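Structure first, commentary second.
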Protein chains: 2
Amino acid sequence: MNNGKFAISLHILVLLDKAKGELLSSEYMAGSININPVLVRKELINLRKKGFVASKEGKNGGATLAKPAEEITLGALYESVRQSHLLGSQKNEPNPSCTVGKHINSHLNDLYDETEQILISQLNKQTLADFSHRFT
Amino acid sequence: MNNGKFAISLHILVLLDKAKGELLSSEYMAGSININPVLVRKELINLRKKGFVASKEGKNGGATLAKPAEEITLGALYESVRQSHLLGSQKNEPNPSCTVGKHINSHLNDLYDETEQILISQLNKQTLADFSHRFT
DNA sequence: CATTCTGTAATATTAATTATTACAGTACAA
DNA sequence: TTGTACTGTAATAATTAATATTACAGAATG
């Protein structure tokens, strides 16, 4: 489905939760995740768009959670980072002169959608707060 | 998690199911999927190893299902093509001097494992026969 | 107004996926 | 017994996706 974005985003959110409202810089978070700060800022764009975090520009700026960790479900996070389909991308262009080839993509998409819904509802059972509490 | 392998493998299996025991060549299947025949043969290696298909070499050779489509669940197929983790690969090496960085990978793996189990059991509700019947 | 941040674009690097070429070996069938 | 049509598999190339880097304008602080 997706890439390391879910892991990176969740890592960011846990750090912000642990920071208890204190602003964290992208550089600091990048140091914990061990990736480039620009990648953190890019993920923040997305997280901000979804209303999970807020940023403050300028000196002593940084990011913080924009809503309580109890109100951010992992399913919502999954949906926010998901870009392609769960079980495989529908980039194949099967032969339309073959009955199977002609319909496989729509059947695959149905299957993926059904399955993804289950996955999301499973992830929705857990909030950022729950996940964050796994850390001592 | 994984790539287009799930889609390719499922496409192959549906073709074989529809062929009702008749041997299909990798070239023929590649034509329906619209990919290179070598990729089909590579997927067949895996499907054979899992006991889903059998191949016959030589002239007029090809592949066929090795067990009834009713006995191949999509969950088993998923497990057979899965190679990396569902929600993202654990290739990050977070900073171990940070509490969050130090433990995030093991917590992520726990989460992924839990979630993947749900996904597999969901996919297990459907067999190749069920999926194949979606095609007229 | 120097400093420390964010936001964002542009580009480079690396890794993963997919495709291609090549050929040995197997089975059939004339 | 030999040509043909396949599989099996390795080696390599090409393409695409993911990640990293560099660069710099603009915002807020002190």
Side-chain angles (χ1 to χ4, degrees), chain A residues 1-9 11-12 15-16 19 22-49 52-64 66 81-95, chain B residues 1-9 11-12 15-16 19 22-31 33-49 52-64 66 81-85 87-95:
Chain A
M1 61 127 212
N2 97 82
N3 24 1
K5 284 186 202 301
F6 182 84
I8 292 173
S9 288
H11 195 145
I12 290 172
L15 288 171
L16 295 179
E22 195 190 333
L23 293 177
L24 299 184
S25 73
S26 61
E27 182 125 7
Y28 172 81
M29 294 190 277
S32 167
I33 307 175
N34 195 25
I35 60 173
N36 195 285
V38 176
L39 291 185
V40 173
R41 301 209 280 267
K42 275 183 182 160
E43 283 312 303
L44 286 173
I45 293 174
N46 181 48
L47 293 171
R48 207 160 46 232
K49 215 155 36 185
F52 297 151
V53 307
S55 299
K56 190 184 170 204
E57 293 188 11
K59 191 173 179 182
N60 302 326
T64 188
V81 299
R82 125 185 228 293
Q83 35 198 196
S84 66
H85 253 298
L86 182 63
L87 295 171
S89 46
Q90 240 42 73
K91 58 194 161 196
N92 286 348
E93 297 182 12
N95 191 335
Chain B
M1 61 129 212
N2 100 82
N3 24 2
K5 285 188 202 298
F6 182 84
I8 292 173
S9 287
H11 195 145
I12 290 172
L15 288 171
L16 294 179
E22 196 190 334
L23 294 176
L24 298 184
S25 73
S26 61
E27 182 124 9
Y28 172 81
M29 293 190 278
I33 306 174
N34 197 24
I35 60 173
N36 195 285
V38 175
L39 291 185
V40 173
R41 302 210 279 267
K42 276 183 182 162
E43 283 312 302
L44 286 174
I45 293 174
N46 181 49
L47 293 171
R48 207 160 46 231
K49 214 153 39 185
F52 297 152
V53 309
S55 299
K56 190 184 168 205
E57 294 188 10
K59 193 173 178 182
N60 303 325
T64 187
V81 299
R82 126 186 229 293
Q83 33 199 197
S84 66
H85 254 298
L87 294 172
S89 43
Q90 239 42 72
K91 58 194 162 199
N92 286 348
E93 296 181 12
N95 191 335

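Letters A, B, ... are given to chains in the order of the sequence lines, protein chains preceding strands, and every chain is numbered from 1. Predicted model, so just to flag it, every value in this text is computed and none were measured.
Asn34(B) has its CG atom 13 Å from the C1' atom of dT18(C), to the nearest Å. Between Lys42(A) atom NZ and dG7(C) atom C1' the separation is 11 Å, expressed in whole Å. The CE-C1' distance, from Met29(A) to dT4(C), rounds to 15 Å in whole Å. When rounded to the nearest whole Å, the span between CD1 of Ile35(A) and P of dA15(C) equals 16 Å. Between the P atom of dA5(D) and the CG atom of Leu23(B) lies a distance of 17 Å, rounded to the nearest Å. dA18(D) atom P lies 12 Å from atom CD of Glu43(A), rounded to whole Å. Taking atom OH of Tyr28(B) as the reference point, atom P of dA5(D) lies 19 Å away to the nearest angstrom. The distance between atom CD1 of Ile33(B) and atom P of dA19(C), rounded to the nearest whole Å, is 10 Å.
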Exercise. Which nucleotides of nucleotides 23-30 of chain C have their base under 4.0 Å from a protein heavy atom (B), which only their sugar-phosphate (S), and which neither (-), written as one string 5' to 3'?
Worked result: ---BBB--
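When the side-chain nitrogen and oxygen atoms of Ser26(A) are compared with OP1 and OP2 of dT6(C), one or more of them lie within a distance under 4.0 Å.
DNA chain D is contacted by both Arg48(B) and Leu39(A); Arg48(B) maps to the nucleotide lying nearer its 5′ end (nearest heavy atom per residue). Of the two residues near DNA chain D, Ser55(B) and Asn36(A), the one whose nearest nucleotide lies more 5' is Ser55(B).
The shortest heavy-atom contact between Leu24(B) and Leu15(B) is CD1-O, 3.6 Å. Heavy-atom minimum distance, Ala54(B) versus Ala66(B): N-CB, 3.9 Å. The shortest heavy-atom contact between Leu16(A) and Ala63(A) is CD2-O, 3.3 Å.
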For this session: Just do the side chain to side chain contact (heavy atoms under 4.5 Å, CB included) check on Leu23(B) and Asn60(B) with the steps written out, would you?
Result: CA-CA 8 Å; Leu23(B) 294 176; Asn60(B) 303 325; over 6 Å; no
Exercise. Should Lys56(B) and Thr64(B) be marked as a side chain to side chain contact (heavy atoms under 4.5 Å, CB included) after you check the CA-CA gap, both sets of side-chain angles, and the distance that decides it?
Worked result: CA-CA 9 Å; Lys56(B) 190 184 168 205; Thr64(B) 187; over 6 Å; no
For this session: Tell me, with the steps shown, if Lys5(B) and Asn46(B) meet side chain to side chain contact (heavy atoms under 4.5 Å, CB included).
Result: CA-CA 10 Å; Lys5(B) 285 188 202 298; Asn46(B) 181 49; over 6 Å; no
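In this structure, Ile45(B) reaches the sugar-phosphate backbone alone: every heavy-atom distance under 4.0 Å involves primed, P, OP1 or OP2 atoms, never a base.
Here the nucleotide nearest the side chain of Val38(B), chosen from dT9(D), dT18(C), dT7(D), is dT9(D).
Listed by chain and residue number, Arg48(B) satisfy the side-chain hydrogen bond (donor to acceptor under 3.5 Å, both in side chains) test with Ser55(B) (two or more places apart in sequence, or in another chain).
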